[in-house]
Undergrad: 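What follows is a single structure, and I will ask about it in a moment.
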Amino acid sequence: MPSAAHNLLIHLLISISTVGSTLSPSPSLTFLPSQTHAAAVDFGSTTHSLPLAVLLPSSPSQISSLILSALLSPPPPPQTSSLTLSALLSSPPLSVSPRGHGHSLHGQAGAPGGVVISMTGGGGRRRMSPPANSIAGNMYVDVWGGELWIDVLNWTLKNGGLAPRSWTDYLYLSVGGTLSNAGVSGQAFHHGPQISNVFELDVVTGKGELVTCSLAENAELFHAVLGGLGQFGIITRARIALEPAPQRVRWIRVLYSNFTSFTRDQERLISLHNQQRFDYIEGFVIAEEGLINNWRSSFFSPSNPPVTLSSIGGRQGAVLYCLELTKNYHHSSSDSIDEEVEALLRELDFIRGSVFTTDLAYVDFLDRVHKAELKLRAKGLWEVPHPWLNIFVPASRIEEFDRGVFRGILGNNTSGPILIYPMNKDRWDERSSVVLPDEDIFYLVALLRSVVPGSDDPSKTLEYLSDQNRKILEFSESAGIGAKQYLPSHRGPAEWERHFGPARWERFLRRKAEFDPSCLLGTGQSIFHPSSCPFSSFLSPT
Ligand code: FAD
């Protein structure tokens, strides 16, 4: 450990215990290699950013104390340091990054050389209020920012048969982690992303202040933090919108060989917002013969016969598209569900004879990816590098994307699921920090590819898949598609400025200067660092 950082950290440890109300040493800050090494890696497994220490907070005030200590503490006295006083006085504050469940892809929740706040560790977790009603009649639950969505679901189901309205496909993600990005799944076309389903937040800002914010109170901070990539504050409490939980789900998949019909149907379905609509709309690309039955593995129902390309009129090397839909229902309406689904499907232009359906409990549908996780874990294929790429593509350019990427760059080798589904921009709040394409309808294209360790197929290597990602981004840039990365990964302010575009970048800078003027927070995103902070609140000695 470099001596300057070591000395600062020792000082920090002492100050955390004194800035707060207690004089006892802080048990929540740890240097244990088991903790720091665990915080150095993430789901992507392509980066390693070792922090000096990890905070396991049990309250917002411990987080605030850490930040105040990092900001305000004078450096350690010269006799404890091998540095000169002048060098110490000019040392920037340590960086501090909130980390949820560490399911980022490129070290975004890391704090190389700084302190990681482990929101899912510590005593903060499992702090959830009983669901309640607001004065306006909205049902909500208050949860700790490090709570996992699966636990929120189990809690709200148990306490009143309620559930959040908007989801991600996978529930072992933290509330703070998805709210710092957006949180999207097949419900987003109607309910908006998870960030559109939050009424209020408690946030510890980069100035160490604990602030409650909402649309009505401290609105600028509220908007900044939602989709804010952990740059403006640490979410310690979120008030999440709830609805009565459906009991059952009819889950349907239909196939297309024609991309235009596939996207036309998807866009028509997301325009429906009345009762006669599906509740979840996604889709995926099937570019490999081997995948044609694999994609049904978590879905299989004995009533659905196995399919081959030729049995549905496809030809070798063709790319197929699978539209995935659900309709929620209660036991009391199980008599009419078949009819409702049939009426909705009748309007669609899929390959006749390619309707696959299954029926399951709502919670089993929401938790479906966990089943796939357990299978992959058993085969040693979960903790492998994940060079995932997520992009928002404007609807007007999606055909070009299909030609250039699905039927171009990828060939017939996908190395993992490729999701594609549209969303309505009017369900997003433009005041949030998320960056979206300039169109009313845009698609999420998620290339969820994994490296297969030990494979002798060169197309399963990190190098190959990363190179394809680079080509996809270059294609999209050179064709002027106007796509934006979701869960973005960029290096340094210049790349980030391009990502945001001039007006959003100007707003981002203004918000950063207001809420984290020392650039202490979220250095794993590689936007700013305390040592090169343009707002420069740490000063060299004069
Ligand atoms: P982390 O990786 O720990 O953190 C992510 C970012 O949020 C970091 O910048 C971090 O500093 C910041 N952060 C974390 N906690 C807080 C907090 N309390 N306050 C402020 N900032 C904080 N995303 C979707 O939208 N839809 C999906 O369907 C979806 N499916 C996924 C499936 C899998 C298997 C995986 C691995 C990821 C998936 N994701 C999906 C992406 C996921 O939403 C993001 O990676 C998310 O950030 C993960 O949450 P986390 O708790 O692991 O966050």
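Residue numbers run from 1 in the order of the sequence given. For ligands, and for the atoms within them, numbers begin at 1 and follow the listed sequence. Only this structure's heavy atoms are used, side chains among them; waters, hydrogens and symmetry mates stay out.
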Undergrad: At less than 4.0 angstrom from any non-hydrogen atom of L487, what atoms of ligand 1 do you find?
TA: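 Here the atoms of ligand 1 in question are 41 (C), 44 (C).
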
Undergrad: Would you kindly check if the NZ (Lys) or CZ (Arg) of R368 is within the cone defined by 45 degrees around the ring axis of F365 and under 6.0 Å from the six-membered ring centre?
TA: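 Yes - R368 lies over the ring of F365, closer than 6.0 Å to its centre and within 45° of its axis.
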
Undergrad: Quick check on the 6.0 Å ring-centre criterion: do W251 and Y280 meet it?
TA: no

Undergrad: For ligand 1, which atoms, with element, lie under 4.0 Å from some heavy atom of L229?
TA: 9 (O)

Undergrad: Suppose we measure from atom 52 (O) of ligand 1 to each protein heavy atom; which comes out shortest, and what is that distance?
TA: H103 N, 2.7 Å

Undergrad: Is G102 near ligand 1, meaning one of its heavy atoms is under 4.0 Å from it?
TA: yes

Undergrad: Does any N/O atom on P98 come nearer than 3.5 Å to any N/O atom on ligand 1?
TA: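 Among all N and O atoms of P98, at least one is under 3.5 Å from an N or O of ligand 1.
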
Undergrad: Hey, is E439 close enough to K425 for a salt bridge, meaning N to O under 4.0 Å?
TA: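 A salt bridge is absent here (no side-chain N lies under 4.0 Å from a carboxylate O).
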
Undergrad: Mind checking whether F262 and Y421 have ring centres under 6.0 Å apart?
TA: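 So the answer is no for these two rings.
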
Undergrad: Pairs of nitrogen or oxygen atoms closer than 3.5 Å, one from R99 and one from ligand 1: do any exist?
TA: no

Undergrad: Could you check whether any heavy atom of Y172 sits closer than 4.0 Å to an atom of ligand 1, since that is the contact criterion I want to use?
TA: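 No heavy atom of Y172 comes that close to ligand 1.
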
Undergrad: Could you work out, for atom 32 (C) of ligand 1, the closest of F43, W167, Y170 by heavy-atom distance?
TA: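 The nearest heavy atom belongs to Y170.
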
Undergrad: Counting non-hydrogen protein atoms only, what is the nearest one to atom 9 (O) of ligand 1? Give residue, atom name and distance.
TA: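 Checking every protein heavy atom, the shortest distance to atom 9 (O) of ligand 1 gives Q525 NE2, 2.9 Å.
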
Undergrad: Hey, which atoms in ligand 1 end up nearer than 4.0 Å to a heavy atom of T178?
TA: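 Listed by number with element: 43 (O).
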
Undergrad: Of all the atoms in ligand 1, which lie at a distance below 4.0 Å from a heavy atom belonging to D169?
TA: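 Those of ligand 1 that fall under 4.0 Å from D169 are 27 (C), 28 (O).
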
Undergrad: If you measure every N or O of I235 against every N or O of ligand 1, does any of those distances drop under 3.5 Å?
TA: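 Among all N and O atoms of I235, at least one is under 3.5 Å from an N or O of ligand 1.
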
Undergrad: Would a line drawn from the ring center of Y321 to the ring center of F284 be shorter than 6.0 Å?
TA: no

Undergrad: Taking atom 15 (N) of ligand 1 as the point of reference, which of G177, G230, S166 owns the nearest heavy atom?
TA: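 It is G177 whose heavy atom sits nearest to atom 15 (N) of ligand 1.
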
Undergrad: Enumerate the atoms of ligand 1 whose separation from the nearest heavy atom of V184 is less than 4.0 angstrom.
TA: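 So the answer, numbered in order with elements, is 24 (C), 25 (O), 26 (N), 27 (C), 28 (O).
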
Undergrad: Establish, yes or no, whether the cationic atom of R239 lies under 6.0 Å from the six-membered ring centre of Y140 and within 45° of the ring axis.
TA: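 The answer is yes; both the distance and angle limits are met.
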
Undergrad: Kindly identify the option in N390, T168, V116 whose heavy atom sits closest to atom 24 (C) of ligand 1.
TA: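 Closest candidate by heavy-atom distance is T168.
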
Undergrad: Could you tell me whether G100 and ligand 1 have an N or O pair separated by under 3.5 Å?
TA: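 Right, the criterion is met.
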
Undergrad: Would you check the N or O atoms of S185, main chain and side chain alike, for any that come under 3.5 Å of an N or O of ligand 1?
TA: no

Undergrad: Show me which atoms of ligand 1 lie under 4.0 Å from any heavy atom of I234.
TA: 19 (N), 20 (C)

Undergrad: Is there a polar contact between ligand 1 and S104, counting only N or O atoms under 3.5 Å apart?
TA: yes

Undergrad: With side-chain contact (heavy atoms from CB on, under 4.5 Å) as the test, would you mind laying out the steps for D279 and H190 before giving the verdict?
TA: CA-CA 8 Å; D279 292 292; H190 179 69; over 6 Å; no

Undergrad: Counting both backbone and side chain atoms, is some N or O of N181 under 3.5 Å from an N or O of ligand 1?
TA: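 By distance alone, the answer is yes.
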
Undergrad: Taking the basic N atoms (NZ, or NE/NH1/NH2) and the acidic carboxylate oxygens, is any pair closer than 4.0 Å for R165 and E243?
TA: no

Undergrad: Salt-bridge test for E373 and R377: reply yes if a basic N is under 4.0 Å from a carboxylate O, no otherwise.
TA: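 A salt bridge links E373 with R377.
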
Undergrad: I need the atoms of ligand 1 closer than 4.0 Å to a non-hydrogen atom of G183, numbered in the order shown.
TA: 25 (O)

Undergrad: Can you tell whether the side chains of E430 and R504 come within less than 4.0 Å, N to carboxylate O?
TA: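 A salt bridge links E430 with R504.
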
